[in-house]
Amino acid sequence: MKQFKWSLLLVLLFVLIGLVACSNNETDSIPADNDDNSEGAEETDTEEASEDVDLRVVTTMAGTDPAGEVFQEVLDEFVSEHPHVTIENDSQSADAGTIRTKVNTDFSSDNEPDMMFYFNTVDAEGLIEEGKVVNLEEAEGIDLSGFNSMLEQQRHSDGNIYAAPQSGFYEGLFVNKKLFEENGIELPTTWEQYEAAIEAFAETDIVPIAASTEDSYYVVEHYALAAGGMENYTAELADQNPSWAEGLDNIKKHADMGTFTPDAATIDLAMAQELFKQEQAAMIFEGSWFWGQLEEAGMGEDVTVLPMPVYADGGETGEIVGGASQGWFISTKSYEDEAKRDVVVDLFNYLTSEETIVRIAGATGQPPAKGALEDLPAYLEAGHQLVSDAPAVALPINDRIYPEGFTHMRTSVPDIVSGNTTGEQVLEEAAAMEE
């Protein structure tokens, strides 16, 4: 009987052990089930994170801008690293205000680009005041580290930064040294030498200055600088500074001396550039971005850039037009779109990384906003030295006054040249457009 009882107890004991083991197995299986659910959740999150995102960027890296090809390569590389992203490169030429028309139309029609490389000047004031672009210092995830002093140049009057620079620029008188040497003409480092060079080349089959008198951005501002020096050049349009009018009238004076081609009123800036690159013209007013085109044409070694000779009392030859007037903006509409925000921030940081900035600047030879260009040829070093040696640097006139006023100024140059109006009359009409 006792043996039976012990046998029964042993059976019960084995049953209990079995129950505990089963219980433990069930308990152990719970984390496994959770792991499966977790993996499923991760897959779902990954799928959501990888949903297709379509972005559109607008820049001035188009047309003859040598940075255009490099910029497209950079976008392609970003897309290859983010296969769920599609980027439409809707870049427009900066010539003749094309980019300004594009941006104004897009924002006014609720079709703003997700990102844009645009003028952080009077052109952007309305967009900033209306909250259409993001304050980059407050935007989550934006990296503004590593920039040089060009970043502070972007700070708006309200104390905030809405644009991140890519590179600086300078403008000046690009001169074909070879043509000057072959014709025994001195390089124009003074106003007297400048006028003498115009007269000498006008007697040859070489055009003294390649220019469009309608797309005359650089011509207008450099003639105003020559006549007034930096103190007067930086005046407001409303001031009706007489040196601006004198500069406009000097364009007519030099046109009468044979400075430009007979069709200067009908050709555009790109055609003027071609005249210079084909060595049919000895000089051209251009910006540091022009070096890319000259290198492609194999002309870099034959060209140097000089400051516009200033003859005004109180002015100084060496004062130049330049700065950092463009930057990368993020549209508020895009940033507030949760489906786009992370990708837009990633793209912004990618485009403003030191590697990308230096790479794009390398295509144009312009001073980068991060890092530095290495092993520059002598002619590019000379351009950078032009900036370093400048007693004063100021932004272009069209970056400081309302576009309508400057557009009237430059498109009126053919009428000034033909004698139908004067510099003073044009300035009065332009100033009325700001009222």
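All figures in this text were calculated on a predicted structure; none of them were measured in a lab. Numbers here simply count residues along the sequence, with the first being 1.
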Chi angles and distances behind the side-chain contact (heavy atoms from CB on, under 4.5 Å) call for Tyr233, Glu319:
CA-CA 10 Å; Tyr233 172 81; Glu319 298 170 335; over 6 Å; no
Can you sort out the partners of [X] under side-chain hydrogen bond (donor to acceptor under 3.5 Å, both in side chains), two or more places apart, ordered by chain and number?
X: Gln72; answer: Asp76, Asn89
X: Ser145; answer: Asp143
X: Lys177; answer: none
X: Thr317; answer: none

So which atom in [X] and which in [Y] form the shortest heavy-atom distance, rounded to 0.1 Å?
X: Trp191; Y: Ala226; value: CZ3-CB, 3.7 Å
X: Ala369; Y: Pro165; value: CB-O, 3.7 Å
X: Ala163; Y: Leu151; value: O-CD1, 4.2 Å
X: Val358; Y: Gly371; value: CG2-CA, 4.2 Å
X: Ala430; Y: Gly405; value: CB-O, 3.4 Å
X: Thr59; Y: Ser91; value: OG1-OG, 2.6 Å

Do Phe174 and Phe290 make the cut of ring centroids closer than 6.0 angstrom?
yes
Checking His84 against Val343 for the side-chain contact (heavy atoms from CB on, under 4.5 Å) test, could you report, in this order, the C-alpha distance in whole Å, the side-chain angles of both residues, the deciding distance, and whether it holds?
CA-CA 10 Å; His84 63 293; Val343 176; 4.1 Å; yes
Between [Y] and [X], is the closest basic N to carboxylate O distance under 4.0 Å?
X: Lys102; Y: Asp123; answer: no
X: Asp249; Y: Lys253; answer: no
X: Lys178; Y: Glu181; answer: no

Taking the side chain as every heavy atom from C-beta outward, state whether Ser167 and Trp289 have any pair of such atoms under 4.5 Å apart.
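No, their side chains stay 4.5 Å or more apart.
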Does any part of the side chain of Met116, heavy atoms only, come nearer than 4.5 Å to the side chain of Asp106, both counted from C-beta?
no
Atom pairs and distances, donor-acceptor, side-chain atoms in residues 300-307, under 3.5 Å, two or more places apart:
none

Closer than 3.5 angstrom, by distance alone: can the side chain of [X] be matched with the main-chain N or O of [Y] as a donor-acceptor pair?
X: Gln240; Y: Leu427; value: yes
X: Thr266; Y: Asp263; value: yes
X: Thr422; Y: Gln425; value: yes
X: Glu214; Y: Pro414; value: no
X: Asp239; Y: Asn241; value: no
X: Arg341; Y: Glu336; value: no
X: Thr86; Y: Asp54; value: no
X: Glu279; Y: Phe276; value: no
X: Gln193; Y: Thr189; value: yes
X: Ser331; Y: Met115; value: no

Please identify each residue that fulfils ring-ring contact (aromatic ring centres under 6.0 Å, His included) with His156, with sequence neighbours left out.
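By the ring-ring contact (aromatic ring centres under 6.0 Å, His included) rule, His156 matches Tyr162.
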More than 12 foreign heavy atoms under 6.0 Å from [atom1] of [X]: is that the case here?
X: Glu69; atom1: CD; value: no
X: Glu424; atom1: CD; value: no
X: Asp313; atom1: CG; value: no
X: Glu81; atom1: CD; value: yes
X: Glu355; atom1: CD; value: no

Does anything in residues 333-392 form a ring pair (Phe, Tyr, Trp, His ring centres under 6.0 Å)? List the pairs, not counting sequence neighbours.
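Listed by first then second residue: Phe78-Tyr350, Trp291-Tyr379.
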Scan residues 113-153 for pairs that pass ring pair (Phe, Tyr, Trp, His ring centres under 6.0 Å), counting only residues two or more places apart or in two chains.
Phe117-Trp328
Restricting to pairs with a member in [range], which pass salt bridge (Lys or Arg N to Asp or Glu O under 4.0 Å), not counting sequence neighbours?
range: residues 361-383; value: none
range: residues 145-158; value: Glu137-Arg155, Glu152-Arg155
range: residues 322-335; value: Asp110-Lys333
range: residues 225-236; value: none

To the nearest 0.5 Å, tell me how far [X] [atom1] sits from [Y] [atom2].
X: Lys252; Y: Asp415; atom1: NZ; atom2: CG; answer: 11.0 Å
X: Leu179; Y: Ile206; atom1: CG; atom2: CD1; answer: 4.5 Å
X: Thr364; Y: Glu295; atom1: OG1; atom2: CD; answer: 9.0 Å
X: Leu237; Y: Trp244; atom1: CG; atom2: CH2; answer: 5.5 Å
X: Met409; Y: Glu429; atom1: CE; atom2: CD; answer: 11.5 Å
X: Glu125; Y: Ser157; atom1: CD; atom2: OG; answer: 6.5 Å

Among Val133, Val344, Val134, Val345, whose side chain to side chain contact (heavy atoms under 4.5 Å, CB included) with Ser334 holds?
Val344
Could you walk me through whether Val219 and Ile251 pass the side-chain contact (heavy atoms from CB on, under 4.5 Å) test, one step at a time?
CA-CA 8 Å; Val219 177; Ile251 298 174; 3.8 Å; yes
Might you work through the side-chain contact (heavy atoms from CB on, under 4.5 Å) test for Arg359 and Phe71, ending with a clear yes or no?
CA-CA 9 Å; Arg359 182 175 169 186; Phe71 177 61; over 6 Å; no
In terms of the angle between their ring planes, are His254 and Tyr194 parallel, tilted or perpendicular, with boundaries placed at 30° and 60°?
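Geometry flag for Tyr194 against His254: perpendicular rings.
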Of Tyr223, Phe285, Phe406, which is the lone residue that meets ring-ring contact (aromatic ring centres under 6.0 Å, His included) with Tyr217?
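Among Tyr223, Phe285, Phe406, the one that satisfies the ring-ring contact (aromatic ring centres under 6.0 Å, His included) with Tyr217 is Phe406.
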